[in-house]
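First listed ligand is number 1; within each ligand, the first listed atom is number 1.
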Amino acid sequence: MADAVIGYAGAGGGLVMKSFSIEELRLAAKRRLPRAVFEFIDGGAEDERTLRDNLAAFERLRLLPKVLVDVSGIDTETSILGKTSRLPVAIAPTGAVGFGWHGGDLAIARAAKAFGMPYSLSTSATTTIERVAGEAPGRLWFQAYFFKQREFTMGLIERARKAGYEALIVTADVPVGGKRERDFRNDFAVPFHFTPKNVLDFASRPGWAWGMLTRGMPALENLTGLEPEAKSTAAVASSVARNNDASLDWEVLKVVRDRWPGKLMVKGVLRADDAERAVALGCEGVIVSNHGGRQLDGAVSSLDALPPIVRAVGGRASVLLDGGVRRGSDVVKALALGAEAVLVGRATLYGVCAAGEAGAMRALEILKDELVRSMQLCGVHRISDIGPELLAG
Ligand SMILES: Cc1cc2nc3c(=O)[nH]c(=O)nc-3n(C[C@H](O)[C@H](O)[C@H](O)COP(=O)(O)O)c2cc1C
């Protein structure tokens with residue numbers, strides 16, 4: 001039944017058509033990318049406990065499906081941040097995507113538009129704010145990192161406003177970069193420096209290396225104009241946010257609230273009291289997230305952090321979740337625990353790194369197909385039918 005509802009048309013050919021899960025796209029990305037780039041995307045901080053626990057939390061939770069319900073028609077449409085979305089899924093902001101696939105930001109943004117879902121552009125993107133708005137004009141959210149040069153970030157926010165971005169996400173869990181040891185070991189940093197180790201690594205993936213040689217190394221295009229000293233350290237990879245403003249606090253968020261006329265969300269919230277504070281300050285949304293396990297290792301999994309936050313917010317704002325979503329049934333679980341929607345980071349990154357836009361489309365198609373199928377198998381027709389009674393224990 002779900003095949004009839006979804007179909008696989010338009011996913012692009014070859015490789016990605018043979019991937020039937022996000023994990024298979026992950027393996028396809030691993031085959032195509034140099035180790036340093038793959039591990040930058042796939043890895044997390046320190047011992048990667050939080051990274052693993054994001055996935056394990058979904059594993060631990062079991063569903064309690066209803067049977068003998070007519071599920072011949074399934075509607076995945078829902079409201080995210082007060083506007084209609086075809087799926088309860090949005091794209092999480094991710095930096096340096098161009099290292100995985102040239103033009104990767106745009107490829108994911110186009111796929112998100114095709115699936116009628118919001119796309120978040122990172123401050124550390126490899127495509128400009130304006131180009132994404134011009135070439136993938138779907139529902140766009142802009143994610144802001146705050147630099148020591150605060151006015152530089154305010155300038156980016158103003159550019160996002162002018163370009164028509166609907167919402168602003170302030171990422172709050174990066175006062176300093178997480179300690180991502182794989183990146184240290186692999187000599188991976190942005191701006192990129194060639195070392196004997198990473199040159200060998202790159203040479204082992206000629207397809208990827210050819211693309212970089214012919215099209216050039218990607219740049220963090222929105223950071224052009226940040227003063228030279230800062231630009232050389234403005235960062236993703238393990239040095240992420242070495243230039244970030246560690247003094248970012250609630251006072252700054254207040255200033256942002258006053259200056260940003262659109263919807264405002266805080267990302268990286270794991271505590272109920274912080275969520276309450278964000279709502280009291282006028283945020284329309286809270287994103288429950290531990291940055292995909294890339295920041296504080298040992299932090300609680302996003303899914304475990306969700307219920308107290310949902311209770312504290314009490315319907316006064318949108319509560320979204322990211323971290324560990326790899327299956328359509330994960331979406332059902334997060335919604336059953338009270339999330340309005342989920343964001344996906346690595347799922348579409350694996351797809352785009354495997355096969356560009358076709359790969360990003362394929363990732364979303366897999367998630368959509370699995371979501372529809374899981375809803376049918378759970379005995380629910382509509383997103384609003386998903387509730388805590390679907391959870392065992
Ligand atoms: C390669 C990579 C880059 C990321 N860059 C950013 C970023 O620039 N800004 C941000 O707020 N979060 C960033 N994140 C975190 C994601 O927005 C999101 O919280 C996380 O990926 C969710 O977990 P998942 O990958 O398991 O879906 C990044 C994550 C990855 C994997």
Side-chain angles (χ1 to χ4, degrees), residues 22-23 25-26 29 33 36-45 48 50-58 89-101 104-105 108 118-127 141-147 153 156 168-175 177-178 180 182-183 188 190 218 220-223 234-241 244 248 265-270 287-296 299 301-303 305 320-327 330-331 334 339 341-353 363-364 367:
I22 298 301
E23 176 60 17
L25 287 175
R26 175 179 174 274
L33 294 177
V37 179
F38 178 73
E39 293 197 344
F40 162 69
I41 290 165
D42 195 52
E48 303 187 336
T50 298
L51 173 68
R52 284 193 299 277
D53 205 36
N54 277 347
L55 301 165
F58 281 107
V89 183
I91 305 293
T94 54
V97 177
F99 283 87
W101 186 274
D105 308 278
I108 300 177
Y119 171 81
S120 313
L121 183 76
S122 164
T123 287
S124 309
T126 42
T127 306
W141 300 345
F142 179 67
Q143 176 266 321
Y145 276 138
F146 281 78
F147 298 108
T153 301
L156 293 179
L168 178 68
I169 299 172
V170 171
T171 295
D173 57 6
V174 189
R180 297 213 293 278
R182 291 180 195 250
D183 297 338
F188 186 82
V190 177
L220 307 186
E221 293 193 359
N222 292 307
L223 301 188
V236 288
S238 51
S239 57
V240 70
N244 261 20
L248 178 69
M265 287 182 274
V266 181
K267 174 171 180 281
V269 174
L270 293 172
I287 303 177
V288 180
S289 170
N290 51 39
H291 217 101
R294 298 164 76 80
Q295 285 296 108
L296 175 65
S301 78
S302 314
L303 197 68
L320 311 184
L321 168 139
D322 75 27
V325 175
R326 303 287 184 273
R327 290 281 184 191
D330 296 341
V331 182
V342 301
L343 292 86
V344 290
R346 291 183 184 83
T348 35
L349 285 180
Y350 295 142
V352 86
C353 291
L364 294 178
L367 286 174

The atoms of ligand 1 lying under 4.0 Å from a heavy atom of Ile41, numbered in the order shown, are 1 (C), 31 (C)
Ligand 1 atoms in contact with Ser289 (distance to a heavy atom under 4.0 Å) = 19 (O)
Under the salt bridge (Lys or Arg N to Asp or Glu O under 4.0 Å) rule, collect the residues that match up with Asp42, sequence neighbours excluded.
-> Arg26
When you check the side-chain N and O atoms of Ser289 and Asp322, is any donor under 3.5 Å from an acceptor?
-> yes
Contacting atoms of ligand 1, where contact means under 4.0 angstrom from a heavy atom of Gln143 | 7 (C), 8 (O), 9 (N), 10 (C), 11 (O)
Report yes or no: is the cationic atom of Arg294 (NZ for Lys, CZ for Arg) closer than 6.0 Å to the six-membered ring centre of Phe40, at no more than 45° off its axis?
-> yes
Using the test salt bridge (Lys or Arg N to Asp or Glu O under 4.0 Å), find all partners of Arg182 that sit at least two apart in sequence or belong to another chain.
-> Glu39, Glu48
Atoms of ligand 1 under 4.0 Å from any heavy atom of Lys267, numbered from 1 in the order shown, are 10 (C), 11 (O), 12 (N), 15 (C), 16 (C), 17 (O), 18 (C), 19 (O)
So CD1 of Ile108 and OG1 of Thr127: to nearest 0.5 Å the spacing works out to 10.0 Å
Under 3.5 Å, is there a donor-acceptor pair between the Asp173 and Asn290 side chains?
-> no
Considering only heavy atoms of Thr171, which atoms of ligand 1 have at least one such atom less than 4.0 Å away?
-> 10 (C), 11 (O)
Could you pull out, from Gly293, Ser124, Gly324, the option with a heavy atom nearest to atom 26 (O) of ligand 1?
-> Gly324
Gly95 N/O to ligand 1 N/O under 3.5 Å = yes
Answer with side chain, backbone, both or neither: which part of Thr94 has a heavy atom less than 4.0 angstrom from an atom of ligand 1?
-> both
Applying a 4.0 Å heavy-atom criterion (strictly less than), which segment of Pro93 is in contact with ligand 1: side chain, backbone, both, or neither?
-> both
Distance-only donor-acceptor check, side chains Ser120 and Gln143, under 3.5 Å | no
What is the distance from atom CD1 of Ile91 to atom OH of Tyr119, rounded to the nearest 0.5 Å?
-> 8.0 Å
Within the side chain of Thr153, is there an N or O that forms a donor-acceptor pair under 3.5 Å with the backbone of Phe147?
-> yes
Going by the order shown, which atoms of ligand 1 are within less than 4.0 Å of some heavy atom of Arg326?
-> 24 (P), 26 (O), 27 (O)
Residue Gly323 vicinity, atoms of ligand 1 by number, heavy atom under 4.0 Å | 22 (C), 23 (O), 26 (O)
For the pair Tyr145 and His291, name the ring-plane relationship: parallel under 30°, tilted 30 to 60°, perpendicular over 60°.
-> parallel
Any heavy atom of Asn54 sitting closer than 4.0 Å to ligand 1?
-> no
Numbered atoms of ligand 1 (with element) below 4.0 Å of Ser122, judged on heavy atoms | 7 (C), 8 (O)
Under 3.5 Å: N/O of Ala347 near N/O of ligand 1 = no
Just going by heavy-atom distances, which of Val344, Leu349, Leu321, Asp322 is nearest to atom 19 (O) of ligand 1?
-> Asp322
